[in-house]
Q: 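Sharing a structure with you now.
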Protein chains: 2
Amino acid sequence: MIPTRKANKRQLILDEAAKLFKQKGFGGASMRDLASEVGIEAASMYNHIKSKDEILELICFRVSGMYISQLAEIEATAASYVEKIKALISLHIRLMIEDGAAVSVANHDWKYLREPALTEFKNARKQYEKGFAALIEQGIAAGEFQPVNVSVALFTILSAVRWVELWYRPGRELSAEELEANIITMLLTGLEKK
Amino acid sequence: MIPTRKANKRQLILDEAAKLFKQKGFGGASMRDLASEVGIEAASMYNHIKSKDEILELICFRVSGMYISQLAEIEATAASYVEKIKALISLHIRLMIEDGAAVSVANHDWKYLREPALTEFKNARKQYEKGFAALIEQGIAAGEFQPVNVSVALFTILSAVRWVELWYRPGRELSAEELEANIITMLLTGLEKK
DNA sequence: GTCTATAGGCGGATAGAC
DNA sequence: GTCTATCCGCCTATAGAC
């Protein structure tokens with residue numbers, strides 16, 4: 001039987017840490033806070049994790065791993081570039097909704113990683129951005145996209161999906177599917193009516 | 001004679017604080033760090049400011065004040081809704097480039113404000129967002145914009161201009177004007193070629 | 001207005017009993 | 001594996017000399 005993510009206390013600590021870091025920031029969340037959420041004393045957590053820094057690393061690299069493996073899958077499909085970019089936007093929104101706390105930590109608190117993890121994480125992110133940018137570039141070359149600056153297009157898309165973290169609540173007026181459809185409309189066809 | 005912003009030591013402290021908070025976060029930047037940047041001892045700063053919290057408040061409310069007053073000016077013009085939205089996008093990019101550290105702190109560290117400042121800041125931001133959303137809504141009603149969900153459009157635009165803070169360096173391949181033109185293209189006409 | 005010294009609290013992490 | 005007790009360092013802020 002494959003253990004679920006919450007099977008052991010170690011994973012419970014990581015999940016609660018993600019929520020707490022998202023809420024208070026890495027620096028603002030203390031090990032005593034975290035222990036209280038988990039239901040044990042701070043000292044007891046050190047039987048499950050090595051340090052507070054290790055917790056941050058585990059969260060950040062789990063998230064970067066998800067993005068990179070999913071990008072590889074999308075790259076390998078035979079879809080058009082428009083479809084591939086739509087799939088990437090959909091991926092970001094879905095991960096944000098399903099695993100929001102961890103994604104949020106990887107987005108905001110990665111800078112508190114210590115070397116060598118910091119450099120490793122930056123490289124992973126750069127690798128992801130390069131793959132994403134290549135799809136935009138190829139889409140422009142293929143005539144599917146407007147000849148916009150590739151970096152601007154890349155970061156506009158990446159940023160535009162980030163606010164979902166701040167805004168989305170399950171049971172909001174908009175369903176996840178409607179949210180996704182609206183963001184894709186904004187990014188691919190723009191606000192202005194032509 | 002009107003004093004410039006750097007005329008007194010108090011303002012120097014605020015400017016250095018904005019840079020430091022942007023770099024390390026409010027919690028990660030200590031008063032000793034800040035004093036070292038200013039060139040005095042930590043204790044000496046308390047002759048110019050009341051507390052670390054006061055520094056954060058002064059930075060955040062200066063920024064929110066700028067946005068709100070500029071929004072009022074744009075609302076009062078006779079331009080089309082397309083032009084008004086373009087002016088707002090331009091405002092965000094310009095403030096980010098000219099006063100990036102303070103804007104960044106107001107974007108990220110406002111959550112460390114203490115009551116009653118926290119509630120006051122949230123209300124100011126909500127007021128700004130409502131004004132911005134109203135322009136989008138009126139633009140849709142006037143037939144200038146696509147009938148997209150107003151909140152989605154608003155937050156997509158607000159987020160899309162935020163990454164400029166992470167990306168823009170004076171002397172990058174793209175000038176501020178080109179950057180602005182490219183972002184406006186992305187947001188108003190979209191990535192896809194039609 | 002700046003300094004040195006320090007108060008008083010909270011941080012991460014460890015030792016050792018059970 | 002969990003606890004209590006504790007180390008030691010850094011934090012914001014203040015007191016008081018100059």
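Predicted model, so just to flag it, every value in this text is computed and none were measured. Side-chain atoms are counted along with the backbone in the values below, which use heavy atoms only and exclude waters and symmetry mates.
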Q: Test of understanding: clusters of I, L, V, M, F, W, Y form through side-chain heavy atoms closer than 4.5 Å, transitively. Do B/Leu158 and A/Phe155 belong to the same one?
A: yes
Q: Between D/dT12, D/dC3, C/dA5, which one does the side chain of A/Ser44 approach most closely?
A: D/dC3
Q: Take the protein atom OH of A/Tyr112 and the nucleotide atom C1' of C/dG11, then report the distance between them rounded to whole Å.
A: 15 Å
Q: Does B/Glu57 use its side chain to pair, donor to acceptor, with the backbone of B/Phe61 at less than 3.5 Å?
A: no
Q: Without decimals, in angstroms, what is the distance between B/Lys9 NZ and C/dG1 P?
A: 9 Å
Q: Between A/Gln146 and B/Thr189, do the side chains contain an N or O donor and an N or O acceptor separated by less than 3.5 Å?
A: yes
Q: So, does B/Arg32 get its side chain near the phosphate of D/dC11, meaning an N or O under 4.0 Å from OP1 or OP2?
A: yes
Q: With salt bridge (Lys or Arg N to Asp or Glu O under 4.0 Å) as the test, pick out the partner of A/Asp99 among A/Lys22, A/Arg94, A/Arg62.
A: A/Arg62
Q: Of all of residues 52-60 of chain B, which get a heavy atom below 4.0 angstrom from DNA chain D, listed by number?
A: B/Lys52
Q: Let me check something: do B/Val103 and B/Phe121 share a hydrophobic cluster, defined by ILVMFWY side-chain heavy atoms less than 4.5 Å apart, either directly or through other members?
A: no
Q: Kindly write out the residues that satisfy ring-ring contact (aromatic ring centres under 6.0 Å, His included) with B/Tyr67, not counting sequence neighbours, or none if the list is empty.
A: B/His92, B/Tyr128
Q: Considering only side-chain heavy atoms of B/Tyr46, which listed nucleotide, C/dA13, D/dC3, D/dT14, is closest?
A: D/dT14
Q: Take A/Asp33 and A/Ala43, find for each the nucleotide of DNA chain C with the closest heavy atom, and name the residue whose nucleotide sits nearer the 5' end.
A: A/Asp33
Q: Could you tell me how far apart B/Ile40 (CD1) and D/dC18 (C1') are, to the nearest whole angstrom?
A: 17 Å
Q: Can you tell me how far P of D/dT6 sits from CD of A/Glu41, to the nearest Å?
A: 15 Å
Q: Tell me, which of residues 22-31 of chain A have any heavy atom that sits under 4.0 Å from an atom in DNA chain C?
A: A/Ala29, A/Ser30, A/Met31
Q: Measure CD1/A/Ile13 against C1'/D/dG1 and give the value in whole Å, please.
A: 11 Å
Q: If you measure only the distance, is there a donor-acceptor pair under 3.5 Å linking the side chains of A/Asp15 and A/Gln11?
A: yes
Q: Would you mind reading off the distance between B/Ile49 atom CD1 and C/dG1 atom P, rounded to a whole angstrom?
A: 14 Å
Q: Do we get B/Lys52 above B/Phe26's six-membered ring, with its NZ or CZ under 6.0 Å from the centre and within 45° of the axis?
A: yes
Q: Tell me, do A/Leu118 and A/Trp110 make a side-chain contact under 4.5 Å, heavy atoms counted?
A: yes
Q: In whole angstrom, give the distance that lies between atom CE of A/Met45 and atom C1' of C/dT14.
A: 14 Å
Q: Rounding to an integer number of Å, can you tell me how far B/Leu34 CG sits from D/dT12 C1'?
A: 12 Å
